[in-house]
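Keep in mind that the numbers below use all heavy atoms, side chains included, and drop hydrogens, waters and symmetry copies.
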Amino acid sequence: MTAGRQEKIRYLLQKHGHLTVAELAAEFNVSEMTIRRDLKQLALMGLIQREHGKAVYPQNPQIKNTVFTTRIGEAQSEKLSIGRAAAGLINEGESVILDSGTTTLAIALALDIKCTVVTNSLAVAEILSMREDITTVLTGGEVQSTTYSLLGPMTRENLDGFYADKLFLSATGISTEKGLSTSSMIESEVKQAMITSAREVILVAHSAKLGHILYHTFAKWKKVNKFITDAGASPEQIDKIKQYGVEVIIVSPKVLLP
């Protein structure tokens, strides 16, 4: 499976420092073209560096200049674990909406099943465009230079034409009392359109988002079916969220093994 192979590639690079494309192809008994696709996806996430004919494990993997990985280095292990757990909830043939954000980017990296993905994230679309079994649909809209997402009236209108099995939603602020919030009303409107267009709403967020309230609340907990986060969330916070009828899934960062 692609996601599992990519994790092992990261482990081998972390262990050896650098490996050639030919060495990795021989290790996994796949073509060099397949390895190049893997390395491109890992580089887009800021997890490795590509050089001519080889891949290098970065000296400081938390500092990246790649266009689509502005914040992926923050809480990298937790986000990747959340991404794997979320991807595991997607069944073959389903249609899903992936919101923009670094945690949904981690879902895209882990996703390795035939499905249709609607997204307003240029980063997500870039990663999924290399997956032959995944049909990727961009919502359209105005490009936001800081988040590489698509927002605005066109985005909302196009989302009205979709109905997805699952929505994987991100939020900048998460409050046990107030719900989900963001600092952009334009972004809030797009998130609300996504919620309306999905049968099941799954919030994905690092635990550091809990306890933060931004000025515009776009959804209350009654709109959320599941919440995937990491073990940094306190038991008190989790208990309060469960009282709203939300299923909470706690993940632990995965240690890479050979």
Compare all side-chain heavy atoms of [X] with those of [Y] and state whether any distance is below 4.5 angstrom.
X	Y	answer
R37	R131	no
L138	N120	no
T229	I250	yes
V143	L150	yes
W221	L180	yes
T103	S170	no
L80	R10	yes
L24	L39	yes

Point to revise | Backbone of S95 reached by a side-chain donor or acceptor of D165 within 3.5 Å | key: yes
**Study point:** Ion pair R36/E32, N-O distance below 4.0 Å
**Key:** yes
I need the [X] [atom1] to [Y] [atom2] distance, nearest 0.5 Å.
X	Y	atom1	atom2	value
S181	E187	OG	CD	10.5 Å
L169	Q192	CG	CD	10.5 Å
L128	D133	CG	CG	12.0 Å
R5	L12	CZ	CG	12.5 Å
T136	I134	OG1	CD1	6.0 Å
F28	Q6	CZ	CD	10.0 Å

Write down the atom of [X], the atom of [Y], and the distance for their closest heavy-atom approach.
X	Y	result
A85	I228	CB-CG2, 4.1 Å
A110	G83	CB-O, 3.9 Å
I48	A55	CD1-CB, 4.0 Å
A205	I174	CB-CD1, 3.4 Å
E94	C115	O-CB, 3.1 Å
I238	A233	CD1-CB, 3.7 Å

Taking atom [atom1] of [X] as the centre, report whether more than 12 heavy atoms of other residues, nucleotides or ligands fall under 6.0 Å from it.
X	atom1	answer
H16	NE2	yes
D160	CG	yes
K178	NZ	no
K223	NZ	no

Indicate whether the side chain of [X] and that of [Y] have a donor and an acceptor atom separated by less than 3.5 Å.
X	Y	result
T104	D99	no
T182	K191	no
S207	D230	yes

Practice item. Check the pair I213 / E177 against side chain to side chain contact (heavy atoms under 4.5 Å, CB included), numbers first and verdict last. Key: CA-CA 10 Å; I213 304 174; E177 290 81 21; 5.7 Å; no
Review point. Would K40 and R50 count as a side chain to side chain contact (heavy atoms under 4.5 Å, CB included) if you check the C-alpha gap in whole Å, the side-chain angles of each, and the deciding distance to 0.1 Å?
Key: CA-CA 8 Å; K40 182 176 181 180; R50 297 171 71 197; 3.6 Å; yes
Exercise for review: Give the intermediate values and the outcome of side chain to side chain contact (heavy atoms under 4.5 Å, CB included) for residues I9 and I35.
Suggested key: CA-CA 9 Å; I9 289 173; I35 292 297; 4.2 Å; yes
Shared hydrophobic cluster, [X] / [Y] (ILVMFWY, side-chain heavy atoms < 4.5 Å):
X	Y	answer
V246	M194	yes
V251	I241	no
L13	V56	no
I249	L98	yes
F218	Y244	yes

Exercise for review: Check the pair K226, L89 against side chain to side chain contact (heavy atoms under 4.5 Å, CB included), reporting the backbone distance first and the verdict last.
Suggested key: CA-CA 11 Å; K226 292 184 176 74; L89 296 178; 4.1 Å; yes
